[in-house]
Each structure stands twice: as structure tokens, then as C-alpha cells.
Amino acid sequence: MNESKYPAGWDAARVKKLIDAYESQSEDEEVAEDEEGVSESKGQAVVTVPEELLPEVRRLLATHKSA
């Protein structure tokens, strides 16, 4: 049996509603939401790094112990 699993409180209708909301956003709304999320992240930063450094950055993040 191949039964879909959802987190507690979620079902297919809720997932569809969320997808529809995101798909109906304008590009400006998408950018505003992204910027809002970044500005509310306390103790975190967003950086860009050259792609060739990603494996090393991921390794460092995997070994970092959160406070």
C-alpha cells in the first residue's frame, strides 16, 4: 500500500491551498516574502559563495553544533 503521509494537522486540501497561494503570488510578493523571512531570522545570515565551495560549506554546517 502506498499511502501519502502528512504532518499532524495537514491533509491534501491544506497542501493544495498552500500551493495555490504561492502560485498566485506576483514576483514582487515573492521577493517581499523572502526579504521578510530573512529580516526576521535572528542569529542567522544569508551569504553567497562560489559553487565550488559548497561542499566545504555544507561539511562545516553539518559539523556545527547549535547553541
Side-chain angles (χ1 to χ4, degrees):
M1 179 190 288
N2 186 6
E3 187 176 322
S4 295
K5 304 282 183 183
Y6 295 99
W10 285 79
D11 60 15
R14 185 172 178 185
V15 171
K16 176 151 179 29
K17 184 177 177 181
L18 182 65
I19 290 169
D20 290 345
Y22 276 111
E23 287 181 345
S24 68
Q25 281 185 329
S26 70
E27 187 173 334
D28 289 342
E29 290 170 325
E30 291 173 3
V31 170
E33 184 174 8
D34 287 346
E35 289 175 349
E36 181 180 326
V38 170
S39 67
E40 292 180 359
S41 299
K42 305 287 187 237
Q44 297 184 6
V46 176
V47 296
T48 57
V49 297
E51 288 182 359
E52 64 268 14
L53 294 179
L54 282 177
E56 183 65 13
V57 171
R58 288 183 177 128
R59 186 190 67 73
L60 287 169
L61 291 172
T63 61
H64 177 73
K65 294 183 180 177
S66 297

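Computed from a predicted model, the values in this text were never measured in an experiment.
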- Item | Joint cluster assignment, Y22 & V15, ILVMFWY side-chain distance < 4.5 Å | yes
- Message: With side-chain hydrogen bond (donor to acceptor under 3.5 Å, both in side chains) as the rule and sequence neighbours excluded, what pairs involving residues 7-16 come up?
- Response: K16-D20
- Does any pair with a residue in residues 47-58 pass side-chain hydrogen bond (donor to acceptor under 3.5 Å, both in side chains), and if so which ones, sequence neighbours excluded? E56-R59
- Query: Would L60 end up clustered with V49 when hydrophobic side chains under 4.5 Å apart are linked, directly or stepwise?
  - Reply: no
